[in-house]
Amino acid sequence: FGCKGTCMTYWPADVAHRAPVNDFPPAWASAWGDDRYGLWAYLAVKGVTQRMRWIEPTMGDGFWMGAPQNERDEIQDLYVWQWANQYENLPHLVHVKSGFWMADTPCTQHFWQAVTGDKPYHFKEDADRYPAGGISQQGALQFCKKLDERLSRPGISSLPTEAQWEYACRADSITAYWWGDQFDPAMANAKDRVWGYETNPDEDDGVTPVMSYPPNPWGLYDMHGNVTEWCDGEWAPKIAPKEDSENIIFIKGEAPVRGGMCRHHPARARAAFRQNLKVDATVTSLGFRFVLKSKDY
């Protein structure tokens with residue numbers, strides 16, 4: 001990739017449908033390339049850089065979203081087991097028809113400050129390394145709006161949908177975590193802690209710098225644990241298959257979060273685990289990562 005905006009990138013015919021359509025490198029990229037994880041591009045705002053990863057659309061019948069019953073039966077924590085059986089879905093095929101760019105880490109405090117002009121909650125001096133926490137869904141959506149303004153591209157940025165988030169988290173896996181069915185503390189930051197608002201929300205409680213653990217096969221860090229991440233839209237107690245989509249009931253004022261957090265039981269960091277929070281909730285280990293649309297989608 002030796003030029004930007006003045007040359008065409010040619011893709012082999014058998015994989016052309018997996019590439020960004022007429023949009024590589026994207027206009028916002030300050031650098032771009034391809035590595036063992038796939039396509040990447042750097043997004044720079046006021047000298048602060050976020051690496052974005054291209055998440056290609058699903059092929060064939062789609063990807064398996066949800067958790068099989070035997071996975072839930074292995075959960076040792078009674079509360080998590082009850083919650084998972086009430087709100088998770090049995091595996092069903094879901095299409096992600098449009099590819100998208102996803103931040104390879106949760107939004108850092110440094111990048112938050114570059115986009116919004118404000119220091120995030122519980123600011124750290126080494127802000128380039130720590131995720132922005134204490135962010136409500138409303139705050140995350142305002143971040144996306146300000147990023148659109150900085151890029152002069154209305155509507156290009158958003159929070160991922162639950163389907164986009166789980167698809168990216170799984171990275172073609174069908175196991176509880178992208179590396180397998182058993183939690184491995186060397187792979188993610190999740191601990192068996194008591195969770196609830198009775199704990200002090202002003203304490204870090206174990207949040208680690210981004211990139212402290214290995215990325216998944218698509219180059220995404222912290223998809224399991226560390227800070228839980230907002231998804232787009234309102235909370236639906238059950239995600240129905242496509243043919244039953246008209247029967248989905250959404251709860252106003254509540255939104256889905258994914259990935260668990262550092263003070264959650266590891267079972268809550270599984271790819272299929274779903275939780276809801278009030279859209280104005282702010283807890284130190286509550287953050288987000290954003291996605292960018294491809295031009296032709």
Side-chain angles (χ1 to χ4, degrees), residues 1-45 48-65 94-108 111 115 143-144 147-148 150-173 178 210-211 213-224 229-232 258-259 271 288-297:
F1 307 111
C3 54
K4 178 173 168 47
T6 59
C7 63
M8 295 184 64
T9 302
Y10 293 92
W11 304 91
D14 60 337
V15 296
H17 58 288
R18 300 170 63 180
V21 180
N22 300 322
D23 192 30
F24 190 81
W28 45 261
S30 59
W32 58 91
D34 190 8
D35 60 21
R36 65 193 180 99
Y37 300 111
L39 298 179
W40 59 267
Y42 282 156
L43 170 65
V45 176
V48 182
T49 300
Q50 172 65 60
R51 182 166 50 195
M52 307 297 293
R53 288 284 178 184
W54 174 248
I55 309 300
E56 63 188 47
T58 52
M59 299 295 104
D61 294 329
F63 84 101
W64 288 103
M65 185 174 182
V94 174
H95 284 281
V96 177
K97 296 181 179 179
S98 300
F100 56 95
W101 294 93
M102 176 176 264
D104 73 338
T105 67
C107 179
T108 63
F111 199 74
V115 171
F143 167 95
C144 291
L147 181 57
D148 287 351
R150 291 197 176 275
L151 299 178
S152 299
R153 296 177 180 276
I156 191 176
S157 63
S158 67
L159 298 176
T161 65
E162 284 197 78
Q164 287 175 327
W165 190 95
E166 187 169 333
Y167 174 54
C169 176
R170 289 190 175 281
D172 282 338
S173 71
W178 64 257
V210 298
M211 299 186 180
Y213 296 85
N216 76 5
W218 290 354
L220 302 172
Y221 295 85
D222 284 345
M223 295 301 287
H224 300 288
E229 300 178 10
W230 288 109
C231 287
D232 195 32
R258 289 296 200 115
F288 70 100
R289 76 179 70 214
F290 63 94
V291 298
L292 299 178
K293 295 178 182 177
S294 187
K295 181 175 67 175
D296 285 358
Y297 291 129

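From a predicted model like this one, the values you see are computed outputs, not experimental measurements.
- Salt bridge annotation for Asp35-Arg51: absent, with no cationic side-chain nitrogen under 4.0 angstrom from a carboxylate oxygen.
- One finds no salt bridge joining Arg153 and Asp148 here, because no Lys/Arg side-chain nitrogen approaches an Asp/Glu carboxylate oxygen to under 4.0 Å.
- Heavy-atom minimum distance, Tyr37 versus Gly219: CD2-N, 3.5 Å.
- Side-chain contact check for Pro20 versus Trp54: some heavy-atom pair is nearer than 4.5 Å.
- Considering only heavy atoms from C-beta on, Leu292 comes within 4.5 Å of Ser157 through its side chain.
- Proximity of a side-chain donor or acceptor of Arg170 to a complementary backbone N or O of Ala271 within less than 3.5 Å is not detected.
- Atoms CE and OG1, from Met223 and Thr105 in turn, are 11.0 Å apart once rounded to the nearest 0.5 Å.
- Side-chain contact between Pro217 and Asp172 is absent, with no heavy atoms from C-beta onward closer than 4.5 Å.
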- Asp222/Tyr213 under side chain to side chain contact (heavy atoms under 4.5 Å, CB included): CA gap, chis, key distance, verdict: CA-CA 7 Å; Asp222 284 345; Tyr213 296 85; 4.3 Å; yes
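- When all heavy atoms of Pro160 and Val291 are compared, the closest pair comes out as CB-CG1, 3.9 Å.
- Within the 4.5 Å cutoff, side-chain heavy atoms of Met52 are placed close to those of Trp28.
- Across all non-hydrogen atoms, the minimal contact from Tyr221 to Pro214 is CD2-C, 4.3 Å.
- Between Phe111 and Phe143, the two ring planes are tilted [angle within 30° to 60°].
- Here the side chains of Ile55 and Gln164 are not in contact, with every heavy-atom distance at 4.5 Å or above.
- Taking every heavy atom of both residues into account, Gly99 and Ser294 meet most closely at O-CB, 4.2 Å.
- The two residues His95 and Gly60 have their closest heavy-atom pair at CE1-O, 3.0 Å.
- Residues Thr58 and Lys97 are not in side-chain contact: their nearest non-hydrogen atoms beyond the backbone lie 4.5 Å or more apart.
- For the pair Cys169 and Arg258, the minimum side-chain heavy-atom distance is 4.5 Å or more.
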- Begin with the C-alpha distance, continue with both residues' side-chain angles, and end with the deciding distance and a verdict on ring pair (Phe, Tyr, Trp, His ring centres under 6.0 Å) for Trp165 and Tyr167. CA-CA 6 Å; Trp165 190 95; Tyr167 174 54; over 10 Å; no
- Report the C-alpha distance between Val115 and Val48 in whole Å, list the side-chain angles of each, state the deciding distance to 0.1 Å, and finish with yes or no for side chain to side chain contact (heavy atoms under 4.5 Å, CB included). CA-CA 9 Å; Val115 171; Val48 182; over 6 Å; no
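- Residues meeting the side-chain hydrogen bond (donor to acceptor under 3.5 Å, both in side chains) test with Asp232, sequence neighbours left out: none.
- Salt bridge annotation for Glu229-Arg289: present, with a cationic side-chain nitrogen under 4.0 angstrom from a carboxylate oxygen.
- Inter-residue side-chain proximity for Cys231 and Leu159 is flagged as unmet; no heavy-atom pair is nearer than 4.5 Å.
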- Derivation of the side chain to side chain contact (heavy atoms under 4.5 Å, CB included) call for Met211 and Asp104: CA-CA 9 Å; Met211 299 186 180; Asp104 73 338; 3.7 Å; yes
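- In terms of heavy-atom proximity, Phe290 sits nearest to Cys144 at CB-SG, 4.3 Å.
- Between Trp218 and Trp178, the distance from one ring center to the other does not fall under 6.0 angstrom.
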